[in-house]
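I have placed the structure first, in the form of structure tokens, so that the comments after it can refer back to it.
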Amino acid sequence: SGEDLPQALAVQGRLYGRILLRQGSIGPGHALESTIRSIPLWANRGWGLVLVGMGTSEYLDKLGRLASELGVREQLAILPPVSYDEVLQLTPGADAGHALYEPIHINHLHATTASNKLLEYLAAGLPVLVSDRPGLRAFIQKYGCGLTADESSPESIATAVNLLLGDPELARRLGAAGAKAFAEEFNYECQFAPVLEAVRGLIDAGRGAQP
């Protein structure tokens with residue numbers, strides 16, 4: 001419905017005009033520190049970075065301290081972990097989806113559309129912010145569903161965030177393109193159709209071989 005996320009934030013006394021959401025595991029390798037460092041460069045102090053997922057208390061405290069040191073603690077909200085179904089209910093309440101990855105291992109380098117969160121953002125009609133690497137850049141260029149940024153550069157991240165959150169028409173257009181891509185290509189029914197067809201073929205072939 002889009003109302004669950006604002007309601008969850010209201011419990012923490014947070015009210016944001018625009019929301020950049022990162023759902024999933026909260027830990028190193030997800031460019032969260034660079035993103036927090038970008039917040040002082042955002043065009044509007046009424047925008048917020050919202051994190052939803054599991055993380056160690058040490059790392060969450062580290063993020064909170066960093067935001068406080070930068071004077072942007074009110075623009076960072078860390079929601080308590082919730083069930084997977086609840087995450088999917090929260091996602092549509094955001095304005096853009098954060099899917100930056102630091103190249104700390106091979107999965108972050110080459111995963112591209114293997115990221116659940118990326119596809120869940122598309123399904124919810126959110127424009128996405130992804131790392132500026134060949135696979136993800138090609139994905140964004142093909143489907144026109146978001147923007148790329150250098151995940152190591154707060155300035156690059158801020159430039160992309162200011163476009164995604166500051167230009168509603170651009171965000172609407174990118175989000176609609178992502179929703180279309182999900183509906184036509186990336187939903188489970190489409191992705192698994194070739195597998196099901198192959199399985200049915202094997203079953204039919206097996207039945208045909210019976211005396």
Side-chain angles (χ1 to χ4, degrees), residues 4-84 86-91 93-111 114-118 120-121 126 128-133 136 146-162 164-165:
D4 289 28
L5 184 56
Q7 289 174 4
L9 291 169
V11 173
Q12 293 192 358
R14 297 286 201 270
L15 177 63
Y16 297 135
R18 296 283 189 275
I19 295 170
L20 176 64
L21 174 69
R22 174 75 186 214
Q23 50 111 316
S25 176
I26 302 173
H30 297 157
L32 298 176
E33 292 164 60
S34 293
T35 303
I36 291 172
R37 293 185 186 279
S38 80
I39 295 177
L41 304 175
W42 290 9
N44 193 312
R45 294 299 297 266
W47 298 345
L49 171 63
V50 178
L51 311 181
V52 182
M54 296 291 294
T56 66
S57 58
E58 292 80 7
Y59 191 71
L60 298 181
D61 288 344
K62 180 180 180 180
L63 296 181
R65 288 195 304 271
L66 175 60
S68 295
E69 291 167 5
L70 295 169
V72 295
R73 187 62 185 88
E74 291 301 309
Q75 289 178 262
L76 172 65
I78 303 174
L79 296 179
V82 296
S83 71
Y84 191 72
E86 289 175 289
V87 169
L88 297 182
Q89 292 170 7
L90 293 172
T91 301
D95 297 282
H98 181 290
L100 297 175
Y101 289 96
E102 298 168 50
I104 60 173
H105 52 63
I106 193 169
N107 285 346
H108 283 193
L109 280 170
H110 302 295
S115 166
N116 281 349
K117 69 172 56 60
L118 177 58
E120 287 157 7
Y121 294 151
L126 302 187
V128 295
L129 174 61
V130 301
S131 295
D132 188 16
R133 282 195 291 278
L136 287 165
L147 299 177
T148 62
D150 177 352
E151 73 281 345
S152 68
S153 168
E155 294 79 12
S156 178
I157 295 170
T159 296
V161 170
N162 286 336
L164 290 173
L165 300 187

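These numbers were taken from a predicted model, which means no experiment stands behind them.
In terms of heavy-atom proximity, Leu100 sits nearest to Ala31 at CB-CB, 3.7 Å. Scanning both residues, Thr91 and Leu126, for their nearest heavy atoms gives O-CD1, 3.5 Å. The heavy-atom pair separating Leu164 from Leu129 by the smallest distance is CD1-CB, 3.9 Å. Closest of all the heavy-atom pairs between Gly93 and Leu5 is C-CD2, 3.7 Å.
Partners of Asp132 under the salt bridge (charged side-chain N to carboxylate O under 4.0 Å, His left out) rule, at least two apart in sequence or in another chain, are Arg137. With sequence neighbours left out, the side-chain contact (heavy atoms from CB on, under 4.5 Å) criterion links Ser34 to Ile157. In this view, Ser152 and Asp150 satisfy the side-chain contact (heavy atoms from CB on, under 4.5 Å) rule, not counting sequence neighbours.
Checking side-chain atoms of Gln12 against main-chain N and O of Leu9 turns up no donor-acceptor pair under 3.5 Å. Between the side chain of Ser153 and the backbone N or O of Ala149 there is no donor-acceptor pair closer than 3.5 Å. Under a 3.5 Å cut-off, the side chain of Tyr121 and the backbone N or O of Leu21 do form a donor-acceptor pair.
A distance of 8.0 Å separates CG in Leu41 from OG1 in Thr159, rounded to the nearest 0.5 Å.
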Trace of the salt bridge (charged side-chain N to carboxylate O under 4.0 Å, His left out) decision for Glu151 with Arg133: CA-CA 10 Å; Glu151 73 281 345; Arg133 282 195 291 278; 3.1 Å; yes
Show your working on side chain to side chain contact (heavy atoms under 4.5 Å, CB included) between Trp42 and Asn162 and close with a plain yes or no. CA-CA 6 Å; Trp42 290 9; Asn162 286 336; 4.0 Å; yes
Would you please test Thr35 and Leu20 for side chain to side chain contact (heavy atoms under 4.5 Å, CB included) and show each step? CA-CA 10 Å; Thr35 303; Leu20 176 64; 4.2 Å; yes
Please report, to 0.1 Å, the donor-acceptor pairs under 3.5 Å made by any side chain of residues 64-73, with sequence neighbours excluded.
from: Ser68; atom 1: OG; to: Gly64; atom 2: O; distance (Å): 3.0
from: Arg73; atom 1: NH1; to: Leu76; atom 2: O; distance (Å): 2.7

Side chains of residues 48-60: which donor-acceptor partners sit under 3.5 Å, not counting sequence neighbours?
from: Thr56; atom 1: OG1; to: Tyr59; atom 2: N; distance (Å): 3.1
from: Tyr59; atom 1: OH; to: Glu33; atom 2: OE2; distance (Å): 3.1

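Aromatic ring orientation, His30 versus Tyr101: perpendicular (interplanar angle above 60°, classes split at 30° and 60°).
Residue pairs meeting the side chain to side chain donor-acceptor pair (under 3.5 Å) criterion with at least one partner in residues 16-27, sequence neighbours excluded, are Arg14-Tyr16, Arg22-His98, Gln23-Glu120.
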